[in-house]
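Whatever order the structure lists ligands and atoms in, that order sets their numbers, starting from 1.
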Amino acid sequence: PRLFVETDLGSGARLPLDRAQANYLLTVLRRKPEDMILVFNGRDGEWRARLDPTGRKSADLVLEERTRTQPKSSDLHYLFAPLKSARLDYLAQKAVEMGAGTIRPVFTRYTQGERINAERLRANAIEAAEQCGILAIPDLPEAVRLPAALADLAPERLLVFCDEDAPVSDPIAALRGAADPAAPPPLAVLVGPEGGFALDERALIAARPNTVALSLGPRILRADTAAVAVLALVQAVLGD
Ligand code: SAM
């Protein structure tokens, strides 16, 4: 298993596990001292560690050697209109698995729910990072309304706006027409809420230079389906 920790990592370091981590490793996964545990903190790469039980339900991790150096983090921004909590958990995990390096909730007119539980979002991002093997936790900037989210995007960042009303054309050609695959710009994708974008929101998005409205085909996808599809497509065509 792979475990995210906040502390610095170095050879021989001894990391006391908190109760939840000890319970997860010792009781849920029933790991034994000789089992290999992989540890990362988002800065110092990945380390192999061994479990050193210090009690029936407590243990330390003793770092042995670095197994991977810290890779460059993803610069792909994923902007999304929040969904209801359980679906939001799912959406956050898929965005991490699909390579988003920054994940930002964006409140729009038809967004369900006006509150984001930042702690819960981070816990989902950490769980997904541990599961999918990336060595960094995506940036999770605070949730904002749509105008602020657009204003915060650097002008050179290409915004791929998932638009179910865009003419159904070849999405690969559309992306290649918006940026040079040989020298791809920094990227952001935007997926709307279950209720779609309001007309004035569409106008605001369309008014932003360096934005491409992308159809993901003739069917209306659920927001989480659209997220997985567009994150895969954008990286396949314009990934660095
Ligand atoms: N207008 C939709 C409807 O009639 O049900 C509601 C929005 S859809 C459920 C949620 C979001 O997923 C949309 O705002 C859009 O960003 C994205 N999406 C869904 N289907 C899409 C498609 N075929 N092409 C591009 N984006 C799509």
Member of Leu17, Val28, Leu29 meeting the side-chain contact (heavy atoms from CB on, under 4.5 Å) criterion with Asn23: Val28
Using the rule salt bridge (charged side-chain N to carboxylate O under 4.0 Å, His left out), only one of Glu46, Glu127, Glu130 pairs with Arg2; which is it? Glu46
Ligand 1 versus Leu214: contacting region, heavy-atom distance under 4.0 Å: backbone
Atom 10 (C) of ligand 1: nearest protein contact (heavy atom, Å): Pro193 O, 3.2 Å
Just to confirm my output: which protein heavy-atom neighbour is closest to atom 6 (C) of ligand 1, and how far is it? Glu194 O, 3.0 Å
Quick check: does Val191 get an N/O under 3.5 Å from an N/O on ligand 1? no
Nearest non-hydrogen protein atom, atom 12 (O) of ligand 1: Ala226 CB, 3.6 Å
With heavy atoms only and a cut-off of under 4.0 Å, state how Cys162 meets ligand 1: side chain, backbone, both or neither. both
Close side-chain approach of Asp8 and Asp44, heavy atoms under 4.5 Å: yes
For ligand 1, find out whether one of its N or O atoms is nearer than 3.5 Å to an N or O atom of Arg219. yes
May I ask you to check whether His77 and Arg157 show a side-chain donor-acceptor distance below 3.5 Å? yes
Taking heavy atoms and a distance under 4.0 Å, where does Thr225 meet ligand 1: side chain, backbone, both or neither? neither
Return a yes/no value for Phe197: is any of its N or O atoms, backbone included, closer than 3.5 angstrom to an N or O of ligand 1? no
Hey, does Leu221 come in under 3.5 Å of ligand 1, counting only N/O atoms on both sides? yes
Give a yes or no answer on whether the side chain of Asp35 reaches the backbone of Lys32 with a donor-acceptor pair at less than 3.5 Å. yes
Aromatic contact, Phe161 with Phe197 (centres under 6.0 Å): yes
Please report which non-hydrogen protein atom sits nearest to atom 11 (C) of ligand 1, along with the residue it belongs to and the distance in Å to one decimal place. Gly192 O, 3.6 Å
Quick one: nearest non-hydrogen protein atom to atom 3 (C) of ligand 1, plus distance? Ile220 CG2, 3.7 Å
Among protein heavy atoms, which sits nearest to atom 21 (C) of ligand 1, and what does the distance come to when rounded to 0.1 Å? Glu164 CB, 3.5 Å
Please write down residue, atom name and distance for the protein heavy atom closest to atom 24 (N) of ligand 1. Leu216 N, 2.7 Å
State plainly whether the residues Glu97 and Lys94 are in salt-bridge range, i.e. N to O under 4.0 Å. yes
Arg202/Glu164 ion pair, N-O < 4.0 Å: yes
Check Arg48 with Glu64, please: is the shortest side-chain N to carboxylate O separation under 4.0 Å? yes
